[in-house]
Protein chains: 2
Amino acid sequence: MPTQLELDNQLCFALYSASRAMTAAYAPLLDALGLTYPQYLVMLVLWERDGERVSQIGKRLHLDSATLTPLLKRLETRGVITRRRSTEDERVVEVFLTAAGKKLEKRAADVPACIFERSGLTVAELTRLRTQITTLTARLRGPTDS
Amino acid sequence: MPTQLELDNQLCFALYSASRAMTAAYAPLLDALGLTYPQYLVMLVLWERDGERVSQIGKRLHLDSATLTPLLKRLETRGVITRRRSTEDERVVEVFLTAAGKKLEKRAADVPACIFERSGLTVAELTRLRTQITTLTARLRGPTDS
DNA sequence: CGCAAGTCAATCGTGTACGATTTACTTTAT
DNA sequence: ATAAAGTAAATCGTACACGATTGACTTGCG
């Protein structure tokens, strides 16, 4: 059992570094689309299903309204989404893609492949690594988490 | 080659989620030590080698002074480090552990093992996963990076 | 020697993250 | 029917990240 406090032995540091390196790799590509990395993640959710509630987007990305509300306001200012309070339940805010937001999906289509090239992984390796990381994430969050 | 824009197929999202889940898992343990997660990483660097310059800490963690300067000031306020301008080179600021900062190392010793338990990984699996993630990180940063 | 180029930390501005609280609305249980 | 409990988003405060600039100091080159 590894109990050492050495930086390079720590899985947590490897993940932290990898996540920031990934964000940095995406940054120039997303910049061309006028998106930050977390904004891109929100767009991914909306491209899968338009009109999602703030809370649903939050569940998908594990982010709360304190993060999402200002982020969504910036996306609205950019003109790629609109926010509308539901008439059935006035507590809920639904988020919709604009025409510009829908158009952006095509331009974003080759972004992941571009990063994949740089990763030097085979498809099988990538899939395996992604699965392992996802399993780890679930374990870290604990059994109480959905 | 995976070109889909689906959230769950994206390695980037898996890494982003895992990194945040890891930070969340550490948070309660580090809170008992009065540290945030990035502050803990800085302490790891200093526990390995005391008196490191700001730029060296930055190289180790891939963080720049815009992030480190305020973080180090907070650690100084907490009383676990001191910052001293080098007399040989007045541009350089060296960071030293206080007695309290050195004492903290013992209390931090069992933190990684605590997380390791929760990960459900064997030591071999953890090592392999960490290596794969580190390799990926290096590739993402590109060949120009040290 | 003397100044241009380089280096190092600090600062500024913007954009996440997240715990905690607030406000508005809805549902539930009397 | 209504007060209590619950839920959804917004807000507030603190702490990263990072691009870009600034200011102080050092080095190197003519």
Side-chain angles (χ1 to χ4, degrees), chain A residues 12-13 15-28 30-31 34-43 52-78 81 83-95 141, chain B residues 12-13 15-28 30-31 34-43 52-78 81 83-95 141:
Chain A
C12 70
F13 178 61
L15 281 172
Y16 168 81
S17 292
S19 178
R20 288 196 302 123
M22 188 64 94
T23 302
Y26 270 88
L30 295 180
D31 197 57
L35 296 173
T36 66
Y37 181 72
Q39 287 168 8
Y40 167 71
L41 294 180
V42 168
M43 294 304 283
E52 209 68 291
R53 310 157 154 218
V54 173
S55 58
Q56 268 309 304
I57 298 173
K59 230 168 243 167
R60 220 48 216 291
L61 303 179
H62 292 277
L63 291 171
D64 69 3
S65 65
T67 302
L68 285 175
T69 297
L71 188 155
L72 291 169
K73 281 181 180 173
R74 284 187 282 269
L75 284 178
E76 193 166 33
T77 302
R78 282 252 161 68
I81 65 161
R83 297 180 308 140
R84 188 159 59 241
R85 225 157 244 287
S86 165
T87 49
E88 294 142 42
D89 187 339
E90 291 275 350
R91 293 171 302 180
V92 169
V93 168
E94 292 162 336
V95 182
R141 287 210 243 262
Chain B
C12 69
F13 178 61
L15 280 172
Y16 168 82
S17 293
S19 178
R20 288 198 301 123
M22 187 65 90
T23 302
Y26 270 87
L30 295 180
D31 197 56
L35 296 174
T36 66
Y37 181 72
Q39 287 168 9
Y40 167 71
L41 294 180
V42 169
M43 295 304 282
E52 209 67 291
R53 312 158 152 216
V54 173
S55 59
Q56 268 310 305
I57 298 173
K59 230 168 242 168
R60 218 55 216 288
L61 304 179
H62 292 276
L63 291 171
D64 69 3
S65 64
T67 301
L68 285 175
T69 298
L71 188 156
L72 291 170
K73 282 181 180 173
R74 285 186 283 269
L75 284 178
E76 193 167 32
T77 302
R78 282 251 161 67
I81 65 162
R83 296 181 308 140
R84 187 159 63 239
R85 206 121 221 164
S86 166
T87 48
E88 294 143 42
D89 187 339
E90 292 275 350
R91 293 169 305 181
V92 169
V93 168
E94 291 164 338
V95 183
R141 287 210 243 263

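In what follows, chains are A, B, ... by sequence order, proteins preceding strands, each numbered from 1. The structure displayed is predicted, hence computed values, not measured ones.
Note: CD (E94(B)) to C1' (dT7(C)) measures 15 Å, nearest angstrom. When the P atom of dG23(D) is taken as reference, atom CG of D89(B) falls 20 Å away, rounded to whole Å. L61(A) places its CG atom 11 Å from the P atom of dC18(C), with the value rounded to the nearest Å. One interatomic measurement links the two molecules: CD of E88(B) to C1' of dT7(C), which rounds to 16 Å at whole-angstrom precision. Following rounding to the nearest Å, L35(A) (CG) and dT14(C) (C1') show an atom-to-atom distance of 16 Å. In this structure, the OH atom of Y26(A) is 19 Å from the C1' atom of dC18(D), given to the nearest Å. Look at CG on D31(A): it is 16 Å from P on dT14(C), rounded to the nearest Å. In this entry the distance linking CZ of R85(B) with P of dC8(C) reads 12 Å, nearest Å.
For the pair Y16(A) and dA17(D), the criterion of a side-chain N or O lying under 4.0 Å from OP1 or OP2 is met. Proximity of R20(B) to the phosphate of dC18(C): a side-chain N or O atom is located under 4.0 Å from OP1 or OP2. Between K59(B) and dC8(C) there is no side-chain N or O to OP1 or OP2 distance below 4.0 Å. Contact between the side-chain N/O atoms of K73(A) and the OP1/OP2 oxygens of dT14(C) is not found at any separation under 4.0 Å. Distances shorter than 4.0 Å separate some side-chain N or O of R83(B) from OP1 or OP2 on dA10(C). In terms of phosphate contacts, Q39(B) brings no side-chain nitrogen or oxygen within less than 4.0 Å of OP1 or OP2 of dA15(D).
Side chain of S65(B), nearest nucleotide from dA17(D), dA9(D), dT11(C): dT11(C). For S55(B), counting side-chain heavy atoms from C-beta on, the closest listed nucleotide (dA17(D), dA9(D), dA9(C)) is dA9(C). Across dT11(C), dC18(C), dA9(C), the shortest atom-to-atom separation from the side chain of V54(B) is found for dA9(C). Distances were taken from every side-chain heavy atom of R74(B) (C-beta onward) to each of dC16(D), dC18(C), dC18(D); the shortest belongs to dC16(D). For A66(A), the side-chain atoms get nearest to dA20(C) when compared with the rest of dC8(C), dC18(D), dA20(C).
In this model, no side-chain donor or acceptor of T36(B) finds a partner on the base of dA15(D) within 3.5 Å. For dT26(C), the base has no donor-acceptor partner in the side chain of R91(A) [N/O atoms by modelled type, under 3.5 angstrom]. Residue side chain T69(B) does not reach the base of dA9(C) through any donor-acceptor N/O pair under 3.5 Å, judged by distance alone.
Ring planes of Y16(A) and Y37(B): perpendicular class, angle over 60° (limits at 30 and 60°).
Toward the 5′ end of DNA chain D lies the nearest nucleotide of P70(B), the other residue of the pair P70(B) and D64(B) mapping further downstream. Residue order along DNA chain C, read from the 5' end via each residue's closest nucleotide, puts T67(A) first among T67(A) and E90(A). Mapping R53(A) and P38(B) onto DNA chain D via the closest heavy atom, the residue that lands nearer the 5' end is R53(A).
Exactly one of E76(A), E94(A), E52(A) qualifies for a salt bridge (charged side-chain N to carboxylate O under 4.0 Å, His left out) with R83(A). That residue is E76(A).
Using a 4.0 Å heavy-atom cutoff across all strands shown, L68(B) reaches no nucleic acid atom at all.
When all heavy atoms are compared, the tightest approach of L71(B) to P38(B) is CD1-CB, 3.7 Å.
Of the possible donor and acceptor atoms, one in the side chain of R20(A) sits under 3.5 Å from a partner among the backbone N and O of H62(B).
No more than 12 heavy atoms of other residues, nucleotides or ligands lie within 6.0 Å of CZ in R53(B), so this atom counts as exposed by the packing criterion.
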### Message
Would L35(B) and R78(B) count as a side-chain contact (heavy atoms from CB on, under 4.5 Å) here? Give the steps.
### Response
CA-CA 9 Å; L35(B) 296 174; R78(B) 282 251 161 67; 5.6 Å; no
